[in-house]
There are 2 protein chains.
Amino acid sequence: MIRSEKGPINDMIQVSRELNPNISVDCVVFGLRRNSLKVILVERSFEVLDGEGEKVSDYKLPGSLVYNDELLDQAAQRVMRELTGLVNIRLERYDILDSLERVHKHLDKIWLESTSGLEINRVVSVAFFGLVNLESDNKYVIDKSARWMDLEETKHLPFDHSEIIQRALLAVQESIRTGDLIFRVLPEKFTIAQLQRAAEVICGVKLDSRNFRKKLKKINFILPLEEKQIKVAHKPARLFGFDQKKYMESKRKKNLF
Amino acid sequence: MIRSEKGPINDMIQVSRELNPNISVDCVVFGLRRNSLKVILVERSFEVLDGEGEKVSDYKLPGSLVYNDELLDQAAQRVMRELTGLVNIRLERYDILDSLERVHKHLDKIWLESTSGLEINRVVSVAFFGLVNLESDNKYVIDKSARWMDLEETKHLPFDHSEIIQRALLAVQESIRTGDLIFRVLPEKFTIAQLQRAAEVICGVKLDSRNFRKKLKKINFILPLEEKQIKVAHKPARLFGFDQKKYMESKRKKNLF
DNA sequence: AATTCTTTGCGTAATATATACGCTAAGTGA
DNA sequence: TCACTTAGCGTATATATTACGCAAAGAATT
């Protein structure tokens with residue numbers, strides 16, 4: 001029926017572990033560049049052996065069925081490791097996809113069945129998002145079969161993956177506003193301008209640097225350090241740090257009505 | 001092994017539909033009373049037939065495995081209909097429970113297996129919350145095997161249901177702040193005081209009525225009507241309405257940084 | 001009919017937060 | 001030394017938030 005050329009999922013089936021045919025995870029990992037947002041996709045390249053031997057080669061989100069003895073978070077980490085080579089990306093659940101027509105395209109169904117070795121009838125997928133900085137020291141070099149893709153190139157993906165990405169972007173933007181997500185794409189010591197640029201690119205807005213600075217000064221989990229930038233062709237900026245503990249405390253307070 | 005006395009889940013298995021042994025839903029439906037919040041639980045009453053024939057009778061959240069041809073939202077509605085008699089409760093997903101130890105108590109496992117007729121190894125559960133007004137005209141009369149329970153009585157439930165309820169309460173409070181949830185527990189035409197009391201009970205706070213009124217006046221999807229209360233032993237209050245369309249529009253705008 | 005009671009609903013003043021934008025300071029590189 | 005760029009402070013204005021005083025409107029009571 002199908003022959004997988006370098007089917008990534010085939011490689012990850014280990015003896016004595018059972019994939020659950022009903023539960024999967026999909027990961028939407030955004031990569032921040034200076035002026036754009038990328039998303040990581042993996043190649044799906046296979047040949048349909050019935051009929052005319054149609055060759056298919058396209059890209060999809062990294063995802064997989066979940067092992068029966070595996071937590072969803074673990075499955076998401078495994079997917080990233082096995083399909084892209086990235087480890088320890090912080091991932092968060094933001095959605096559950098349960099439509100009965102998720103695997104409605106014939107090609108998608110036979111691909112899934114052949115790579116898993118299971119009969120697939122119903123797959124409920126848990127969606128995760130993540131965010132990394134592609135300009136940082138950690139270069140996030142990924143496997144050959146994976147690619148950092150422009151968001152514009154993700155309009156026509158297999159399954160419901162285009163839709164998943166759209167919703168992930170909204171979830172990331174929301175987390176930037178209210179959470180600590182933005183500090184994950186900053187170096188440990190960062191300048192206010194770096195923080196601002198990251199927020200601007202991810203949320204697609206332009207902010208006034210003077211007011212932005214003012215606002216940050218009264219956030220108590222962003223602490224000014226004694227260090228400054230060096231060797232920059234302008235006034236060197238002060239470096240700041242993110243205080244995890246104080247962040248956790250300030251999270252508790254909620255403004256009700 | 002087990003004999004179910006009036007096992008509610010037994011009654012709902014229909015011919016020709018298959019329950020999926022890996023996916024379940026659990027529903028946390030809060031009921032608003034004048035001064036307290038209740039939550040709906042269903043009776044679990046059965047007799048273990050091995051050993052000493054231990055009798056068990058306790059309460060749990062309404063929940064069920066999901067049919068293979070059923071959406072999660074449909075499953076949640078079915079659960080409420082079949083286990084409590086309530087229909088058309090608005091329910092929202094707020095969590096996924098995937099721990100491997102969810103069904104760690106022996107009693108819970110044999111109960112689940114006997115009522116479903118399936119071997120249970122791994123159940124990932126999707127949690128829903130809902131909110132209804134128990135003081136409204138619609139009395140929300142529920143089946144005999146279900147009960148509106150005080151939150152304080154839900155500390156030691158089977159499975160991980162106590163924890164699920166705690167998290168549901170936080171999700172409801174958050175939705176009250178930002179969403180339209182509160183309008184579902186109000187009559188179509190309501191006074192500002194009614195809205196305030198609902199918010200106070202659900203969120204557990206006390207608010208200044210004069211400032212509360214001021215705040216609501218500039219929310220453009222809460223429209224003042226020409227009607228007033230009658231036959232109340234005090235100055236009659238103006239009635240207000242909720243404008244779904246305007247609410248949807250105002251939802252789009254987000255304040256970024 | 002006058003009085004009392006309760007809740008509505010407007011107003012005001014003090015304080016805090018947000019926004020727009022001017023201007024100087026501090027480095028590197030020419 | 002000068003030009004250039006970004007950092008970082010200040011100020012003025014508008015908008016929100018909070019605390020609280022008080023009159024108005026109906027029903028119930030006297």
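Letters go in sequence order (proteins before strands), and every chain restarts at 1. Below, each value reflects all heavy atoms present in this structure, side chains not excepted, and no hydrogens, waters or symmetry copies.
- Residues B:F190 and B:F183 place their aromatic rings such that the two centres sit under 6.0 Å apart.
- Closest contact between the side chain of A:D208 and the listed nucleotides D:dA19, D:dG8, C:dC21 involves C:dC21.
- Taking the side chain of B:A237 as heavy atoms from C-beta on, and the options C:dT17, C:dT8, D:dA19, the nearest nucleotide is C:dT8.
- Comparing C:dA18, C:dG9, D:dA27 by their nearest atom to the side chain of B:R213 picks out C:dG9.
- Comparing atom distances between the B:K215 side chain and each of D:dT17, C:dT17, D:dA7 picks out D:dT17 as nearest.
- With respect to B:K189, the side chain to side chain donor-acceptor pair (under 3.5 Å) criterion is satisfied by exactly one of B:Q194, B:E227, B:Q229: B:E227.
- Rounded to whole angstrom, the span from the CG atom of B:N211 across to the P atom of C:dA13 amounts to 16 Å.
- What separates CD of A:Q229 from P of D:dG8 is a distance of 8 Å, to the nearest Å.
- With salt bridges taken as basic N to acidic carboxylate O contacts below 4.0 Å, none links B:K245 and B:D243.
- Of all nucleotides listed (C:dC21, D:dT6, C:dA18), D:dT6 comes nearest to the side chain of A:H234.
- Scanning atom types as modelled, one donor and one acceptor separated by under 3.5 angstrom connect the side chain of B:K214 and the base of C:dT12.
- Within 4.0 Å of A:R238, counting heavy atoms only, lie sugar-phosphate atoms of the nucleic acid but no base atom.
- A:L225 has its CG atom 16 Å from the P atom of D:dA7, to the nearest Å.
- At whole-Å resolution of the value, CD1 in A:I230 and C1' in C:dT28 are 13 Å apart.
- The shortest distance between side-chain heavy atoms of B:R147 and B:I40 does not fall below 4.5 Å.
- In terms of phosphate contacts, B:K217 brings a side-chain nitrogen or oxygen within less than 4.0 Å of OP1 or OP2 of C:dC10.
- Note: CD1 (B:I219) to P (D:dA16) measures 12 Å, nearest angstrom.
- Among the nucleotides D:dA25, C:dG11, D:dG8, the one closest to any side-chain atom of A:R210 is D:dG8.
- No hydrogens or angles were tested; on distance alone, nothing pairs the side chain of A:K235 with the base of D:dT6 as donor and acceptor under 3.5 Å.
- Remark: C1' of C:dC21 and CZ of A:F212 are 18 Å apart, rounded to the nearest angstrom.
- Per the geometry, CG belonging to B:L216 stands 12 Å off P belonging to D:dT17, to the nearest Å.
- C:dG9 atom C1' lies 8 Å from atom CD1 of B:I192, rounded to whole Å.
- By the neighbour-count criterion of 12 heavy atoms within 6.0 Å, atom CZ of B:R238 is densely surrounded, having more than that number from other residues, nucleotides or ligands.
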